[in-house]
Structure formats: structure tokens, C-alpha cells
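Working notes, beginning with the structure itself.
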Amino acid sequence: MEAQTAIKVVALCGSLRKASYNRGLLRAAMELSKTIKGMEREYVDISPLPFLNTDLEVDGTYPPVVEAFRQKILAADSVLFGSPEYNYSVTGPLKNAVDWASRPPNVWADKTAAILSAGGGFGGGPAQYHLRQIGVYLDLHFINKPEFFLQAFQPPAKFDSDGNLIDAAAKERINAVLLALQAFTLRLQGKSE
């Protein structure tokens with residue numbers, strides 16, 4: 001029997017707040033993924049990225065912090081987004097990161113992706129749908145199901161005061177997303193599970 005190839009997942013949070021609930025979702029996902037055989041994970045901080053400005057591109061090169069970010073995306077098989085919702089869309093920092101990685105050559109192409117979001121009434125749903133629309137143009141392939149939206153402000157408490165996920169049912173749902181992402185990635189790569 002052939003050994004299973006590990007997939008590499010990078011996690012990106014669209015919120016810059018330390019105690020962000022969306023960052024808490026990603027922390028929980030990173031911890032849960034340790035129990036999934038064949039999945040490597042890395043959290044990639046987008047906060048150091050400058051605002052997209054093509055004047056910063058010189059002779060086809062990018063600022064070092066941008067190039068380092070692009071290389072992490074390029075080396076990944078999959079992307080796990082923690083996407084809060086601002087004004088029914090993705091956050092400015094997340095869109096900035098997406099745009100930097102889409103500059104030629106587009107390093108998002110042919111990656112698989114999934115989205116976790118926590119928020120108010122819709123649990124981040126409108127932002128997820130915008131991110132999916134952006135992904136179509138970038139050749140980023142999102143899993144269709146399961147979707148993960150968490151209404152973070154309804155009792156009982158879903159997070160502790162540091163933004164860590166404490167809701168057991170939500171953790172089970174995140175685990176299902178991770179397993180679906182792994183299976184989808186292997187299927188698109190033509191590898192068996």
C-alpha cells in the first residue's frame with residue numbers, strides 16, 4: 001500500500017485583532033488538524049503586508065515581505081481562510097493579501113480552499129460568498145460543503161475572553177471542514193485518500 005502524501009494547508013485570518021473570533025476558529029482548526037493524518041499546517045500572518053501598490057513592484061520583483069508571503073501560498077496545496085465580515089464583504093486586510101498573491105504569476109491558481117467565519121446574524125456568510133466569487137477569477141477551488149458559519153454573539157458563549165473557541169459542537173463542525181478539504185485536495189491532485 002502506497003504511503004499517503006501529506007497535503008500542506010496554510011491558514012490566513014482576515015482579522016488583525018489578537019482576540020479575533022475568526023483567529024480563534026483558525027487556532028482551533030490548527031489544533032484539530034494535528035489529529036488528521038496526512039495534513040501539515042501553517043498559520044501565515046498577513047498583518048505585515050503593505051497596502052497593494054504596484055509602484056512597489058520593481059522589475060518583476062516584490063518587497064521581501066510580500067515575496068515571502070507569496071512563496072508560502074505557492075508552496076501550499078490548500079488554504080484555510082478565517083474570514084470575518086465587514087459591510088457584507090471580506091475585510092480590507094484579507095482582500096489586500098488576496099490581491100498581492102494574485103499579482104503575476106497568480107500563486108492562488110489550482111489551490112483548494114475552505115472558509116471558516118464567525119460573526120453576527122449571518123455568521124459571516126456574505127463575506128464567504130464574496131470570497132468565493134473572488135476565488136473563481138483566481139482559479140481557487142473552494143469546497144462546497146460543509147460550510148461553516150458561526151453566530152458568535154448568541155448564547156451560550158462560543159469563545160473565551162482571549163478569543164479561543166470553547167464550543168464543542170463548533171469544533172466538530174470545523175473537523176468536518178478539514179476532512180472535506182483534505183479529501184477534495186487529494187481528489188483534485190489525483191491521489192487516493
Side-chain angles (χ1 to χ4, degrees), residues 2-15 20-47 49 66-84 90-91 93-103 105-118 124-125 127-150 165 170-193:
E2 205 175 297
Q4 180 179 353
T5 304
I7 65 163
K8 180 165 181 162
V9 179
V10 292
L12 306 175
C13 186
S15 175
S20 159
Y21 290 161
N22 289 278
R23 188 180 311 279
L25 294 178
L26 290 178
R27 276 193 304 272
M30 300 294 276
E31 192 60 34
L32 289 164
S33 69
K34 291 177 182 177
T35 66
I36 298 174
K37 185 177 178 182
M39 183 178 284
E40 298 173 5
R41 76 230 46 86
E42 179 181 4
Y43 178 80
V44 178
D45 184 6
I46 65 171
S47 66
L49 296 173
V66 172
E67 187 55 37
F69 171 72
R70 289 172 52 82
Q71 289 303 314
K72 287 184 183 289
I73 303 302
L74 183 62
D77 298 300
S78 301
V79 183
L80 181 63
F81 292 96
S83 181
V90 297
T91 64
L94 184 55
K95 182 63 166 72
N96 186 58
V98 167
D99 290 346
W100 270 123
S102 73
R103 298 295 298 155
N106 170 24
V107 296
W108 298 114
D110 296 322
K111 308 274 184 227
T112 57
I115 312 168
L116 307 175
S117 61
Q128 285 199 24
Y129 296 135
H130 271 190
L131 188 53
R132 287 174 179 273
Q133 288 175 319
I134 294 164
V136 168
Y137 181 75
L138 300 176
D139 294 323
L140 190 58
H141 308 289
F142 286 94
I143 63 170
N144 290 323
K145 290 190 170 108
E147 293 180 306
F148 185 96
F149 312 102
L150 185 63
L165 184 65
K171 288 180 181 181
E172 287 179 25
R173 292 175 45 223
I174 289 172
N175 197 59
V177 168
L178 293 171
L179 291 171
L181 179 61
Q182 181 183 42
F184 185 53
T185 303
L186 292 171
R187 190 166 62 247
L188 285 185
Q189 292 177 343
K191 299 172 184 167
S192 61
E193 294 180 51

Between R103 and D99, does at least one N-O distance fall below 4.0 Å, as a salt bridge requires?
-> no

Parallel, tilted or perpendicular for F69 and W108, by the 30°/60° rule?
-> perpendicular

Write down the atom of A6, the atom of E40, and the distance for their closest heavy-atom approach.
-> CB-OE2, 3.7 Å

Roughly how far, to the nearest 0.5 Å, is the CG atom of L12 from the CD1 atom of I115?
-> 11.5 Å

Which atoms form the tightest heavy-atom contact between I174 and A28, and what is the distance?
-> CD1-CB, 4.3 Å

Counting N and O atoms only, with roles assigned by atom type, does the side chain of R23 sit under 3.5 Å from a partner on the main chain of G82, one being a donor and the other an acceptor?
-> no

Got a donor-acceptor contact below 3.5 angstrom from the D77 side chain to the I7 backbone?
-> no

Within the side chain of K95, is there an N or O that forms a donor-acceptor pair under 3.5 Å with the backbone of L131?
-> no

Shortest non-hydrogen contact between R173 and L150, atoms and distance = NH1-CD1, 4.1 Å

What are the two closest heavy atoms between T35 and L32, and how far apart are they?
-> OG1-O, 2.7 Å

Are there more than 12 heavy atoms of other residues, nucleotides or ligands under 6.0 Å from atom NZ of K171?
-> yes

Polar side chain donor-acceptor pair, S78 to T112, under 3.5 angstrom = yes

Is the closest side-chain heavy-atom distance between Y43 and C13 below 4.5 Å?
-> yes

If you round to the nearest 0.5 Å, how far is OG of S33 from CD of E42?
-> 12.0 Å

To the nearest 0.5 angstrom, please state how far the CG atom of L178 sits from the CD1 atom of I36.
-> 4.5 Å

Of all the heavy-atom pairs spanning A29 and L80, show the shortest one and how long it is.
-> CB-CD2, 3.6 Å

Atom pair CG (L140) and CD1 (I134), whose distance is rounded to the nearest 0.5 Å = 10.0 Å

Test log, rule side chain to side chain contact (heavy atoms under 4.5 Å, CB included), inputs L25 and F148 = CA-CA 10 Å; L25 294 178; F148 185 96; 3.8 Å; yes

Minimum side-chain heavy-atom gap V177-I143 below 4.5 Å = yes

V10 vs K111 side-chain heavy atoms within contact, under 4.5 Å | no

At their closest point, which heavy atom of I46 faces which heavy atom of A97, and how far apart are they?
-> CG2-CB, 3.8 Å

Check: A11 main-chain N/O paired with R41 side-chain donor or acceptor under 3.5 Å | no

May I ask you to test the D45-K72 pair for a side-chain heavy-atom distance under 4.5 Å?
-> no

How far does CG of N22 sit from CG of L165, to the nearest 0.5 angstrom?
-> 11.0 Å

Rounded distance (nearest 0.5 Å) linking atom CG of L74 with atom CG of N106 = 10.0 Å

Looking only at atom types and distance, does a side-chain atom of S83 sit under 3.5 Å from a main-chain N or O of A127, one as donor and one as acceptor?
-> no

